[in-house]
There are 4 protein chains.
Amino acid sequence: MIQTRRIGAENSEMWARLVDAAEQVIREDGYAAASTRRVAQAAGIKPSLVHYYFPTTDDLLLAVFKRGAAQSDAMIEHALASEDPVRALWRFFSDTSRTALTMEFMALALHREGLREEIARHSEAMRARQTELFERLLGDRLGEIGAPAGLSVILAAIGRALVMENGLGIGAGHQEARALVETWLGRLLPRSESSEKS
Amino acid sequence: MIQTRRIGAENSEMWARLVDAAEQVIREDGYAAASTRRVAQAAGIKPSLVHYYFPTTDDLLLAVFKRGAAQSDAMIEHALASEDPVRALWRFFSDTSRTALTMEFMALALHREGLREEIARHSEAMRARQTELFERLLGDRLGEIGAPAGLSVILAAIGRALVMENGLGIGAGHQEARALVETWLGRLLPRSESSEKS
Amino acid sequence: MIQTRRIGAENSEMWARLVDAAEQVIREDGYAAASTRRVAQAAGIKPSLVHYYFPTTDDLLLAVFKRGAAQSDAMIEHALASEDPVRALWRFFSDTSRTALTMEFMALALHREGLREEIARHSEAMRARQTELFERLLGDRLGEIGAPAGLSVILAAIGRALVMENGLGIGAGHQEARALVETWLGRLLPRSESSEKS
Amino acid sequence: MIQTRRIGAENSEMWARLVDAAEQVIREDGYAAASTRRVAQAAGIKPSLVHYYFPTTDDLLLAVFKRGAAQSDAMIEHALASEDPVRALWRFFSDTSRTALTMEFMALALHREGLREEIARHSEAMRARQTELFERLLGDRLGEIGAPAGLSVILAAIGRALVMENGLGIGAGHQEARALVETWLGRLLPRSESSEKS
DNA sequence: AATGAATGAGATTTCATTCAT
DNA sequence: CATGAATGAAATCTCATTCAT
């Protein structure tokens, strides 16, 4: 679905520089701040060059999202391969930097049809992968949790809430919530396995 | 302190009409769409009249938030007074319409200093009220949950995640997550017991 | 030439309050800042009340000017009646507060026909009065100065320049200029007369 | 430091056209009239193009000032190199067209912090240059004048006053003031001597 | 591969002023 | 006396995007 008008190559140095700049702007001031001018300024180039690589602003935002999504995918696979995959996933979910960016894109996607599909598709894929992981790792031990997909939803939900509220300066109950998650994970994944790590 | 900035009276019919219009626009297309023109159009008035009532756009957004917050407060108090307060709260948290608006304001507050404080303050107050409620209702039965504040965080988190993902067309794991919450609530507060609360 | 539409009486308390407020705004931020809203805010009243007393903004500015002009007239007469009238006049010319306001009105009058006539008329009248004074006081001693009207122009010019440059943070040569004026005045009005004062 | 704000090149034809248009508007109706629309209209272009070359209105005003200041500098150097430098300077000070523009900028700078520094800096530099000139030319003959910096202040003051009052239609005492200045200059620098300056 | 120029739309806000009550 | 409501114009500035070179 790449538009024919785009000339800037996806593997060029400038392309990466622009995606970097856009991501930085989004992190600092939100997606609404990612205007042609602002991004160009952050990248140290002229505004029209942005449109040379990304015909529309949505194209640029999508590129930032896709790169972040690929990184998330890699992080999940890395967590999957670690010694304590479930706790690694929880760290992934509650990672401030990455989750803050994810939240920006979710907020953006809510009102930008062009991006919604891509973002939704990726979220579903990530969830499916995680669900598969939980199933394989926890299997019969899921017990009361019932379904691994639910666990994925809940961990993601709590991680996002902590990050967003943190950004707003809200902290009440956060430590308790974290402790609660730890308790659950401890019951799912007996302490013995994880205490060997540190 | 005779008068600061707002000129249009807070109790006038037009004031309410504008807040209605702004809320409608935010619901439809997000906070970024709540521009002077758009809101004026939705309210059927001239753009400059918007600024007669709300000197700055933030003033208008804040008014929408405050009214919504007051409604939320009322809903929480209503839930508190119901027969099954904890489940009523959960319904409150997972109410799509209200939570979607809340999410808009949280996303907005992340990058608008002027609104952040007010929104954070209200969130903290709501959390405190809920924590107090959980403490009183569940008391010794909190058991593994440990702290009531954590429970408030988690229920809010899950409710918001379900609503947001719903808005994006993501549905995987939702039913399982809901079922899991129901299970927890059932163990904390068996439906049979709920009517016994002395 | 009072417009029939004006209803607020010129001797009412509110009238004076508005003129006070407008003068204060002009002193602080210049004539361009003396908008209906700003003045109303400074006076602690509603904007429409400003127009009740002063149908147009020019009417208000003119009122401020006229009151200031009357005060200037009184100051000049007071100087005239003092022991050392010429030096009193020089103090009048180099008085920062009053001159700064005068400069604002001159700058305003340059581009507002409605005010120009009034301001020019008053300036001419003041000059005539001063000229008369110089003639009477210095008479034959004017010598090289030649004409008393020229002395009035020059003292006013230097006073205004010092005040304006002061406002801009320019100070070079000011002390020397002041000393020079003192020297002239000293030659015109022998030291003996003025040294008796202090 | 790749690029800060200005986009339109300073040496382009349009840039000069805009500065011309702005200067013309300021001359005609004062700095307050130099709005985006008005200047665009005077230049025969679309309003948004003004902001392409001058991100803020202050940038445009500053450009007009700087160009005028450069011209003033050139005029002063030209006067300095003339046969009768002091009288040439006096002509410079009492030049209506240039001084009227200078006065506009001084009035503007009084209430615009962003421009004040630049304008003050230039005024101080001009004064220093003139002081140096007077010192060199008049040296021991300064006598009663005392300091050359004071002379610069006074000539500038009188020139500006004459120009401003002229703009307001005030003429009383002007001829006498001019004659007085001529007398002074004549005593400082007899016309016959001026050609002898070794 | 890149850029300078341009544009029309629109955002936010302020303005003076009018008018009915 | 006074005010609340309203309005149309205008000011400043930013936006995404196009296009010719």
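Heavy atoms only: backbone and side chains are in, while hydrogens, waters and symmetry mates are out. The sequence lines fix the lettering, A, B, ..., with proteins before strands; numbering per chain opens at 1. Just so it is clear, the model here is predicted, and its values are computed rather than measured.
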Taking dT3(E), dA5(E), dT7(F) as options, the one with an atom nearest any side-chain atom of Leu49(A) is dT3(E)
Picking from dA6(E), dT17(E), dA16(F), the nucleotide nearest the side-chain atoms of Thr57(A) would be dA16(F)
Under a 4.0 Å heavy-atom cutoff, the residues of residues 23-45 of chain B touching DNA chain F are none
Could you check how far [atom1] of [X] sits from [atom2] of [N], rounded to whole Å?
| X | N | atom1 | atom2 | answer |
| --- | --- | --- | --- | --- |
| Leu61(D) | dC13(F) | CG | C1' | 15 Å |
| Trp15(C) | dC1(F) | CH2 | C1' | 17 Å |
| Leu60(A) | dA16(F) | CG | C1' | 12 Å |
| His51(A) | dA5(E) | NE2 | P | 17 Å |
| Phe54(A) | dA2(E) | CZ | C1' | 15 Å |
| Asp59(D) | dT14(F) | CG | P | 10 Å |

Are OP1 or OP2 of [N] and a side-chain N or O of [X] less than 4.0 angstrom apart?
| X | N | result |
| --- | --- | --- |
| Lys46(C) | dG4(F) | yes |
| Tyr52(C) | dC1(F) | no |
| Tyr53(B) | dA6(F) | yes |

Atom pairs and distances, donor-acceptor, side-chain atoms in residues 33-43 of chain D, under 3.5 Å, two or more places apart:
{"from": "Ser35(D)", "atom 1": "OG", "to": "Arg38(D)", "atom 2": "N", "distance (Å)": "3.3"}
{"from": "Thr36(D)", "atom 1": "OG1", "to": "His51(D)", "atom 2": "NE2", "distance (Å)": "3.1"}
{"from": "Arg38(D)", "atom 1": "NH2", "to": "Asp29(D)", "atom 2": "OD2", "distance (Å)": "2.1"}

Heavy-atom nearest nucleotide on DNA chain E taken for Ser48(C) and for Ser48(B); more 5' hit belongs to Ser48(B)
Applying the Watson-Crick and G-U criteria (both distances under 3.5 angstrom) with [ ] for crossing and | for other-strand pairs, one obtains for DNA chain E .||||||||||||||||||||
Separation between OH (Tyr53(C)) and CZ (Arg17(C)), nearest 0.5 Å, reads 9.0 Å
Applying side chain to side chain contact (heavy atoms under 4.5 Å, CB included) to Met103(C) and not counting sequence neighbours gives Thr99(C), Arg160(C), Met164(C)
Check: [Y] main-chain N/O paired with [X] side-chain donor or acceptor under 3.5 Å:
| X | Y | value |
| --- | --- | --- |
| Arg116(B) | Leu110(B) | yes |
| Glu104(B) | Gly30(B) | no |
| Arg27(D) | Ser97(D) | yes |

With a 3.5 Å cut-off and no angle check, do the side chains of Glu117(A) and His122(A) form a donor-acceptor pair?
no
Comparing nearest nucleotides in DNA chain F, the 5'-proximal residue of the pair Pro47(D), Arg17(B) is Arg17(B)
Salt bridge (Lys or Arg N to Asp or Glu O under 4.0 Å) filter on Arg112(B), not counting sequence neighbours, yields Asp58(B)
Salt bridge (Lys or Arg N to Asp or Glu O under 4.0 Å) filter on Arg67(D), not counting sequence neighbours, yields Asp20(D), Glu23(D)
